Amino acid sequence: MRELATPLQDNCSSARQAAIRAARREERVAWQLAAPAIVLIVVLILLPTLAVFVFSLTNYELGYDDFQFIGFGNYIELVRDRTFLISLKNTAIYTAIVTPFSVFIGLAVALLIEGETRGRTFFRTVYFLPVASLLVAMATVFQYLLHPTIGPVNAILSMIGIAGPNWLGSSSTVLFSLAIIGIWQSVGFNMVLFLAGLTAIPRELYAAAEVDGAKGSWERFRLVTWPMLGPTTLFVTTISVINAVKVFETVKTLTEGGPNKSSEVLLFTIYQEGFIFLRVGYASAMTVIFLAFLIVLMLIQYRVLDRRVHYT
């Protein structure tokens with residue numbers, strides 16, 4: 001028995017060693033395949049982020065060779081900076097308006113197009129045009145549409161007896177006007193994502209829901225469509241929040257942060273400090289706060305929404 005056990009143990013040991021060698025080879029191949037992506041992430045994302053954090057601890061100004069490490073002096077100044085606090089508040093308000101409206105309108109448009117058998121390709125193209133259009137060029141169109149005297153929007157309002165406001169020139173309406181433009185720009189992209197999610201839902205689920213008594217469209221949407229769109233909704237919401245927080249082009253083109261800083265947002269403030277006033281260290285501190293603000297939003301969003309997502 002001992003003589004038989006010894007060859008059997010040797011065979012098991014050899015097989016185990018062969019499996020370990022094969023696993024190590026697969027691991028080496030995996031690292032080799034992932035190496036280009038890892039290098040790009042380190043060079044293009046991690047190192048620039050680290051450089052921004054280092055610059056945020058200095059008083060570096062673009063064009064000057066001398067600079068000093070001042071620790072968290074820039075961050076202390078940010079707390080007392082009225083412009084920064086206003087831009088932070090405006091960014092939060094803009095994001096709170098644009099994100100939910102662009103998500104739900106995008107979903108509604110996707111449902112309408114999915115339910116329409118004729119002209120589906122045409123409507124997809126029409127609603128996706130804002131995504132493919134140059135935002136700076138379209139901002140000029142909106143500047144005309146929302147003009148207080150010659151704009152068609154105020155002309156239509158005057159026809160029904162309503163005095164239209166100065167949409168982009170009044171402190172009370174400028175941020176709301178920019179939010180409308182942001183919603184218009186985001187709806188088409190969200191629609192495409194929701195259409196992809198709707199296409200992936202098995203048709204058998206609707207048949208099963210109908211057998212179980214879900215006859216109406218609302219019941220089928222509540223019991224089947226909405227739960228199955230959970231992962232897509234989470235992704236769309238994440239992308240919408242990121243795009244809303246990063247708003248810059250429309251502010252730069254239409255308002256320059258005015259009037260009275262009513263439309264100044266974080267990226268525009270960072271741009272001004274870094275490229276107009278050349279305070280790179282101070283702008284880097286704002287960038288770090290901007291990234292932290294974005295990360296906190298993502299964490300809150302995932303903590304709240306991910307629990308309600310049904311993955312298939």
Side-chain angles (χ1 to χ4, degrees), residues 36-99 135-136 139 174-175 178-179 182 185-186 238-303:
I38 293 174
V39 171
L40 288 175
I41 290 173
V42 171
V43 173
L44 299 179
I45 298 178
L46 297 182
L47 289 181
T49 303
L50 179 61
V52 167
F53 179 72
V54 172
F55 274 124
S56 72
L57 303 177
T58 69
N59 61 354
Y60 177 67
E61 295 185 9
L62 193 64
Y64 295 90
D65 296 330
D66 297 331
F67 64 92
Q68 298 175 343
F69 283 91
I70 59 174
F72 293 97
N74 287 327
Y75 295 95
I76 296 174
E77 184 178 351
L78 281 177
V79 177
R80 305 167 182 168
D81 189 343
R82 179 176 173 271
T83 299
F84 171 74
L85 296 177
I86 290 175
S87 66
L88 187 64
K89 183 191 72 172
N90 290 339
T91 303
I93 294 173
Y94 179 89
T95 304
I97 297 173
V98 172
T99 300
L135 186 56
V136 175
V174 61
L175 198 59
L178 293 175
Q185 183 194 11
S186 303
T238 302
I239 295 298
S240 299
V241 170
I242 293 174
N243 291 335
V245 173
K246 294 193 306 180
V247 60
F248 174 76
E249 294 92 341
T250 51
V251 174
K252 173 63 178 169
T253 305
L254 295 176
T255 66
E256 291 282 345
N260 299 323
K261 303 186 183 299
S262 299
S263 62
E264 186 151 336
V265 291
L266 274 176
L267 280 187
F268 183 77
T269 305
I270 293 171
Y271 162 78
Q272 279 197 315
E273 292 292 340
F275 296 97
I276 303 300
F277 305 132
L278 306 180
R279 300 180 63 192
V280 174
Y282 193 59
S284 298
M286 287 186 179
T287 305
V288 172
I289 298 298
F290 170 77
L291 294 175
F293 177 67
L294 194 58
I295 291 172
V296 169
L297 284 178
M298 294 300 101
L299 290 176
I300 294 174
Q301 180 176 301
Y302 274 98
R303 289 292 296 272

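The structure presented is a predicted model; accordingly, all values stated were derived computationally and were not measured.
Looking at heavy atoms from C-beta onward, E256 lies out of side-chain contact with V251 at the 4.5 angstrom threshold. Put simply, the side chain of L46 reaches to within 4.5 Å of the side chain of I41, judged on heavy atoms.
Within the 3.5 Å criterion, the main-chain N or O of I45 finds a donor-acceptor partner in the side chain of T49. N59 places no side-chain N or O within donor-acceptor distance of the main-chain N or O of F67, the cut-off being under 3.5 Å. Remark: side-chain polar atoms of T91 are paired, donor with acceptor, to backbone N or O of L266 under 3.5 angstrom.
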Side chain to side chain donor-acceptor pair (under 3.5 Å) between S56 and S284, intermediate numbers included: CA-CA 5 Å; S56 72; S284 298; over 6 Å; no

Pair T287-F55, side chain to side chain contact (heavy atoms under 4.5 Å, CB included): steps then yes or no: CA-CA 10 Å; T287 305; F55 274 124; over 6 Å; no

Side chain to side chain donor-acceptor pair (under 3.5 Å) assessment of S87 paired with E264: CA-CA 5 Å; S87 66; E264 186 151 336; 5.6 Å; no

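Nearest approach of V98 to A179, heavy atoms of both residues: CG2-O, 3.7 Å. Of all non-hydrogen atoms in T58 and N74, the two that sit nearest each other are O-ND2, 2.7 Å. Here the shortest heavy-atom pairing between V245 and F290 reads CG1-CE1, 3.2 Å. Closest heavy-atom contact between P259 and S262: O-OG, 2.7 Å. Counting all heavy atoms, side chain and backbone alike, V174 lies closest to S263 at CG2-CB, 3.8 Å. The two atoms that bring I270 and M286 nearest to each other are CG1-CB, 3.6 Å, heavy atoms only.
Between the OH atom of Y271 and the CD1 atom of I276 there is a distance of 4.0 Å, given to the nearest 0.5 Å. Remark: I239 CD1 to T99 OG1 distance equals 11.0 Å, nearest 0.5 Å. Between the OG1 atom in T269 and the CG atom in N90 there is a gap of 8.5 Å [rounded to 0.5 Å]. Between L57 atom CG and I70 atom CD1 the span is 8.0 Å, to the nearest 0.5 Å. Rounded to the nearest 0.5 angstrom, Y75 OH and Y282 OH are separated by 11.5 Å. Between the OH atom of Y60 and the CD atom of Q68 there is a distance of 14.5 Å, given to the nearest 0.5 Å.
Within the structure, every pair that satisfies the side-chain hydrogen bond (donor to acceptor under 3.5 Å, both in side chains) test and touches residues 238-247, not counting sequence neighbours, is listed here: N190-S240, T238-Q301. Identified under the salt bridge (charged side-chain N to carboxylate O under 4.0 Å, His left out) test for residues 74-84, with sequence neighbours left out: E77-R279.
Ring pair F268/F248 is tilted by interplanar angle, where 30° to 60° counts as tilted.
In terms of the salt bridge (charged side-chain N to carboxylate O under 4.0 Å, His left out) criterion, E61 has no residue partners (sequence neighbours excluded).
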